[in-house]
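Shown next, in structure tokens, is the structure this report addresses.
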Amino acid sequence: QVQLVESGGGLVQAGDSLRLSCAASGRTFSSITMGWFRQAPGKEREFVGGISWRGGSTSYADSAKGRFTISRDNAKNTVFLEMNSLRNEDAATYYCAATSWIGVTRTAATYTYWGKGTQVTVST
């Protein structure tokens, strides 16, 4: 069992940066691959990016490439999502998720554990 708690969301202006954190507890954190997803009102949940359990591999959605960076600190059981140059379309509830897959998977159904999400609002 893995418990995930996201934090760091808030209201920012377009062009600003924001850093989300996801603290994990329970199962050995270093053995799980972590992903970030987001869901805007009226839209489906979409993959943002993920990082493999050893941190050696990352994958990003096209919308996140070049602007978002995912990292993890296994010693602190925490994964981060650094978001730069935020746009209006980045506004959503952001969720972190955990899977036993060795590599990053972009499919939400392959993630077993989910946090409750943190809200990101972007104003112009």
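Here, residue 1 is the first one in the sequence, and each next residue gets the next number.
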Check: Are side-chain heavy atoms of Thr69 and Thr58 found at a separation under 4.5 Å?
Finding: no
Taken to the nearest 0.5 Å, the spacing of Thr112 OG1 from Trp101 CH2 works out to 10.5 Å
> Within a radius of less than 6.0 Å around CD of Glu89, do more than 12 heavy atoms belonging to other residues, nucleotides or ligands occur?
Replying inline: yes
Might you work through the side chain to side chain donor-acceptor pair (under 3.5 Å) test for Gln119 and Thr93, ending with a clear yes or no? CA-CA 4 Å; Gln119 181 73 37; Thr93 299; 2.8 Å; yes
All heavy atoms of Val104 vs all of Ser57, minimum pair found to be CG2-O, 3.9 Å
For Thr121 and Ala91 the tightest heavy-atom approach is CA-CB, 4.3 Å
Residues Thr78 and Ser21: closest non-hydrogen pair is CG2-CB, 4.2 Å
With side chain to side chain donor-acceptor pair (under 3.5 Å) as the criterion, how do Asn84 and Ser17 come out once you've worked through the C-alpha distance, each side chain's angles and the decisive distance to 0.1 Å?
CA-CA 4 Å; Asn84 298 314; Ser17 298; 2.8 Å; yes
> Under 3.5 Å, side chain of Arg106 to main-chain N/O of Glu46, donor-acceptor pair present?
Replying inline: no
Kindly say whether the aromatic ring centers of Trp114 and Phe37 come within a distance under 6.0 Å.
yes
Next on the checklist: Quick check against the 3.5 Å criterion: does Thr118 have a side-chain atom that pairs as donor or acceptor with the backbone of Gly9?
Outcome noted: yes
Between Leu18 and Gly10, the two heavy atoms sitting closest are CD2-N, 4.0 Å
One should read off an interatomic distance between Arg45 CZ and Phe47 CZ, to the nearest 0.5 angstrom, of 14.0 Å
**Prompt:** Within the distance-only criterion (no hydrogens, no angle test), does the side chain of Thr33 pair as donor or acceptor with the backbone N or O of Ile102 below 3.5 angstrom?
**Reply:** yes
Practice task
Kindly say whether Thr110 contributes a backbone atom to a donor-acceptor pair with the side chain of Thr99 at under 3.5 angstrom?
Solution key: yes
With the side chain counted from C-beta on, respond yes when Ile51 and Tyr60 share a heavy-atom pair under 4.5 Å apart, and no when they do not.
no
Margin query: One thing to verify: whether Lys116 and Glu6 come together as a salt bridge, which I'm taking to mean a side-chain N less than 4.0 angstrom from a carboxylate O.
Written below: no
OG of Ser7 to CZ of Phe80, rounded to nearest 0.5 Å, is 9.0 Å
Between the CD1 atom in Ile32 and the CG atom in Leu4, the distance rounded to the nearest 0.5 Å is 6.5 Å
Could you tell me whether the side chain of Ser123 reaches within less than 4.5 Å of the side chain of Val12, counting heavy atoms only? no
Q | Lys/Arg-Asp/Glu bridge criterion (N-O < 4.0 Å) met for Arg87, Asp90 | A | no
- Under the 6.0 Å and 45° cation-pi test, does Arg38 pair with Tyr95? no
Review point. Is the backbone N or O of Thr105 less than 3.5 Å from a side-chain atom of Tyr111, with the two atoms forming a donor-acceptor pair by type?
Key: yes
Here the gap from Met83 atom CE to Ile70 atom CD1, rounded to the nearest 0.5 Å, amounts to 10.5 Å
Under a 3.5 Å threshold, yes or no: a donor from one side chain and an acceptor from the other, between Ser25 and Gln3? yes
Output for pair (Met34 CE, Asn74 CG), nearest 0.5 Å, gives 10.0 Å
*Donor-acceptor pair, side chain of Asp73 and main chain of Lys76, under 3.5 angstrom*: yes
- Ser63/Phe68 under side-chain contact (heavy atoms from CB on, under 4.5 Å): CA gap, chis, key distance, verdict: CA-CA 9 Å; Ser63 59; Phe68 294 3; over 6 Å; no
